[in-house]
Number of protein chains: 2
Amino acid sequence: MTNSGREDETRARLLDAAGEIFSCKGFHAATVREITKAARANVAAIHYHFGSKDRLYLAALEHAHAEAMRLYPPELGLPPDASPETRLYAYVRALLLRLTEKNRHAWLSRLMAREMAEPTPQLAVVVERCLAPANAVLRAIVADILGPGADAAAVARCAQSVVGQCRHFVIDRPVIARLYPENAAEIGGLDALAAHVARFSLAALRGYQTSDFAPPQLEPHSGDML
Amino acid sequence: MTNSGREDETRARLLDAAGEIFSCKGFHAATVREITKAARANVAAIHYHFGSKDRLYLAALEHAHAEAMRLYPPELGLPPDASPETRLYAYVRALLLRLTEKNRHAWLSRLMAREMAEPTPQLAVVVERCLAPANAVLRAIVADILGPGADAAAVARCAQSVVGQCRHFVIDRPVIARLYPENAAEIGGLDALAAHVARFSLAALRGYQTSDFAPPQLEPHSGDML
DNA sequence: CCCCAATTTGAACACATGTTTGACGTAAGG
DNA sequence: CCTTACGTCAAACATGTGTTCAAATTGGGG
């Protein structure tokens, strides 16, 4: 302690500052000096408390994961007898909330978003443990709406269509705003976005199984990909 | 050799190597020495041909943009009398192709994807010039399917829902694969993905206007965001 | 043949980074 | 009071970075 009581405090400040700066600038662009300055600590404090910049990054990710799960658990606090439509809306809204969290830890899930664009081996496991339970909940909701005729692949694809919309509206928000410069606010706030994604996805799920869509024959692409 | 004729060749090799390495490791993580080594050129060649690492990055982005537009133009080679459904499928397929391009320039659109996660001021303009025309095409298709009763905001949101699905299925593919480890191939190849996104989105657009969905009242979130 | 401009090269520079060191200050125990 | 352990701090270290420079190399023209 330096002193009594203060010992863990700088560690916690370091964790918070690291999460915020890592999420804003990425792992490489963020410097330990910037983090320690934001945390009002010395450069050596990182090595003392965490060992290295890498381990600090890992610790910040685990901390963010724990905080996100604590604030927005997959159950969402809904009554178990809620309709699938309500549960879908609640799931979408909670996901958007987790992705845009700006209250105490503005960076909670943005770290994970950045990880997906530039994955690091150790953290894939963390992402997996964080995303898998929530995704199971979503698939249950989707399966309920699709009905018994849907196979697992269709359920999985539709669930990812829902997640993809949410991630895009939040993560690519600066790009979307630039695409509609005249009326950037047209896209709307979080609740309007949640309503749109839920409405769009609900209509999609209801008409998915009975769709008469058959992909037309187009000129084949040169190389095989994916 | 060094002279005459070869002068532009190293510049082209530099451009190719820069695009590949920048797209794989990001701007900060990529080093000029790695790029010049991949291009079989000297470190000083970057400064000689482009002036700096930043300008090389900008040149690589513009080069990638031009190549992507040349290979997969927004018109998609469809007959002008094609149905909106066919045009939607073709647009989705072309977008997926652009995002997964692995033939000659595996990194064509991945640079843009990385830019969105970690935007740099100068390149936002490039992204804007690249994405805006294609997005106008998509909005026209979406407006056709939605019908005359849809306002601009609804069209914009639905168009972004389509784009978001495509980006998610391609960019977050490693995450999706980890979510379904038992049957990773279940999601399917590019054509299957294009068929799913088109089917999902078509059902959504057809039912969007006549949807009876009303967002249920949930406990409000603490902070206002976005 | 020799000179010239363009291009490439290896080596060095200045700087920022992550990391380490050793001293300093603060409490607790004898 | 002295010792000890722990946390903090400023300063320095080693390394890798982008950048720069002058010499070397190339092919074409007088």
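Quick note: numbers below take in every heavy atom, side chains included, and nothing from hydrogens, waters or symmetry partners. A note on names: the letters A, B, ... follow the listed sequences, proteins ahead of strands, and every chain is numbered from 1.
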Calculate the interatomic distance between [X] atom [atom1] and [N] atom [atom2]; express it in whole Å.
X       : N      : atom1 : atom2 : answer
B:Phe27 : D:dT17 : CZ    : P     : 13 Å
A:Asn42 : C:dG25 : CG    : P     : 15 Å
A:Asp54 : C:dT17 : CG    : C1'   : 13 Å
B:Ile46 : D:dC21 : CD1   : P     : 17 Å
A:Arg40 : D:dT8  : CZ    : C1'   : 15 Å
B:Tyr48 : C:dG10 : OH    : C1'   : 17 Å
B:Arg33 : D:dT15 : CZ    : P     : 15 Å
B:Lys37 : D:dG16 : NZ    : P     : 14 Å

Give a yes/no on whether any side-chain N or O of [X] is located under 4.0 angstrom from OP1 or OP2 of [N].
X       : N      : value
B:Thr10 : C:dT8  : yes
B:His28 : D:dT17 : no
A:His47 : C:dT19 : no

Below 30° counts as parallel, above 60° as perpendicular, anything between as tilted: where do the rings of B:Phe200 and A:Phe200 land?
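Ring orientation of B:Phe200 relative to A:Phe200: tilted.
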Are B:His28 and A:Phe27 close enough that their ring centers fall under 6.0 Å?
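That pair fails the under 6.0 Å test.
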Nearest 0.5 angstrom please: A:Leu193 CG to B:Ser161 OG, how far?
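Rounded to the nearest 0.5 Å, the CG-OG separation comes to 9.0 Å.
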What's B:Ala44 touching, base or sugar-phosphate or nothing? Going by heavy atoms closer than 4.0 Å.
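Result for B:Ala44 = base.
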What's the closest nucleotide to the A:His49 side chain, out of D:dT19, C:dG18, D:dT8?
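Nearest listed nucleotide: D:dT8.
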Ignoring hydrogens and geometry, is there a side-chain-to-backbone donor-acceptor pair from B:Ser23 to B:Glu20 under 3.5 Å?
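The answer is yes, because a donor-acceptor pair under 3.5 Å joins these two groups.
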